[in-house]
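Only one structure is covered here, and it is reproduced in the block below.
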Amino acid sequence: GRIARLSDRDLRSALDRNTAEIREAQAKLRMLEAGPSTHEVGVAQAAVRSAQEMAIYAQQRYDRTKSLIEERVLARNKLDEMREMVVTTTGNLEEARARLNAVLNSVRPEQIEATRAQIERLETERAYIDAQMDMLEILTPVAGIVGTPSLQLRDLRRQLIKKGDVVARVLDARAMTAEISIPEREIAAVKVGQPVELMVHAYPGVPVRATVVAISVAAVSELTGSQLALPWASSSSQKPGTLLVRAELDQNPLVLSPG
C-alpha cells in the first residue's frame, strides 16, 4: 500500500518544459516537410519575371541605339549608356534567379532528419520523466501497520529524502509474536508447538490464539537480574525468576497493534 508521496515540483517543471520543446520541434518539422510557402515562391518568381522584362527591355534599347549609331543618327556615347543598362539588368536577373532557387531549395533532407532526431530525443526524455513521476509513490510490499510515530512522519514534510533513507517502518500485522515471562516453576508445562490462548488487558474477555515457537533455556536471576542474551529477547520482557516464551499468533484479530 501507499505510505507516502514525494514532491513532484521539480519533475513537473521539467515535464512542462519538455512538452513545450516537443511541440516547438513538431511545428518546425511540419514546416520543413511542407517546404517553402506559396507566398514565398510567388514573390521570388515575380521578382524573376520583373528582372527578366527589364533585361529584355535594356537589350532592345541597346540594339536600337547601336542601329541608330550605325546610321549616324545618334552619337556613339549613347551606346555606352545602353551597354551599362544591359549589364545592370542582366546582373539583376541573375540575382533574382538565385533567390528563387534558394527559396525552392531552402529545405534540405538533412534539416528534416535533424529535427526528427531532436523529437526522438525529447520523447525519450519525456518517457524518463514519466517513469520518475511513477516512482514518487512510496509503497510497502506488505500489508501492515505504520510503526513510525505520526509526529516523526509530519516532520518529514518538505524535507530532502536521499536514496536509502528510512521514511517509515511498516510492521506486518499478519505475523505477530508475543513475548511472555513464565515463572521458572511453571515452565515445565510449556512446550514448543503447544497451542495457547493469550489475554490482553486492553481487551478483556477476548482470547487470542497463539502457538509457542521458542523458550529461553535459562532463567533470569532474582539476585543479579542478569538476563539471557537471545536475538529475539526484549530487555523489558523478562523478569527475575522467569523464562521468556515466544508465541506466534495464529491469526491477528485486528485489535492488536505491533509494539
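The basis for the numbers below is simple: all heavy atoms, side chains too, and nothing from hydrogens, waters or symmetry mates.
At distances below 3.5 Å, at least one donor-acceptor pair connects side-chain atoms of Gln194 with backbone N or O atoms of Lys191. Remark: the backbone N or O of Val87 is not paired with any side-chain donor or acceptor of Thr90 at under 3.5 angstrom. Remark: the backbone N or O of Glu84 is paired with a side-chain donor or acceptor of Thr88 at under 3.5 angstrom. Using modelled atom types, no side-chain atom of Asn18 and backbone atom of Ala14 make a donor-acceptor pair closer than 3.5 Å. In this structure, Thr242 contributes its side chain and Ser181 its backbone to no donor-acceptor pair below 3.5 Å. Using a distance-only test at 3.5 Å, with no hydrogens or angles considered, no donor-acceptor pair links the side chain of Asp8 to the main chain of Met133.
Between Arg12 and Asp16 no salt bridge is recorded (no basic side-chain N to carboxylate O distance below 4.0 Å). No salt bridge links Arg30 with Glu33; every basic N to acidic carboxylate O contact stays at or beyond 4.0 Å. The residues Lys66 and Asp63 are annotated as not salt-bridged, no charged nitrogen and carboxylate oxygen being separated by less than 4.0 angstrom. Ion pairing of Glu125 with Arg17 is absent here, as no side-chain N (NZ or NE/NH1/NH2) approaches a carboxylate O to less than 4.0 Å.
You'll find the side chain of Arg49 reaches within 4.5 Å of the side chain of Gln45, heavy atoms only. Side-chain contact check for Glu123 versus Ile22: some heavy-atom pair is nearer than 4.5 Å.
The side-chain contact (heavy atoms from CB on, under 4.5 Å) check on Pro183 picks up Arg185, Glu186, with sequence neighbours excluded.
Distance check, rounded to the nearest 0.5 Å: CG of Leu68 to CE of Met82 gives 11.0 Å. Atom CE of Met31 is separated from atom CD1 of Ile112 by 11.0 Å, given to the nearest 0.5 angstrom. Expressed to the nearest 0.5 Å, how far CZ of Arg64 lies from CD of Gln59 amounts to 15.0 Å.
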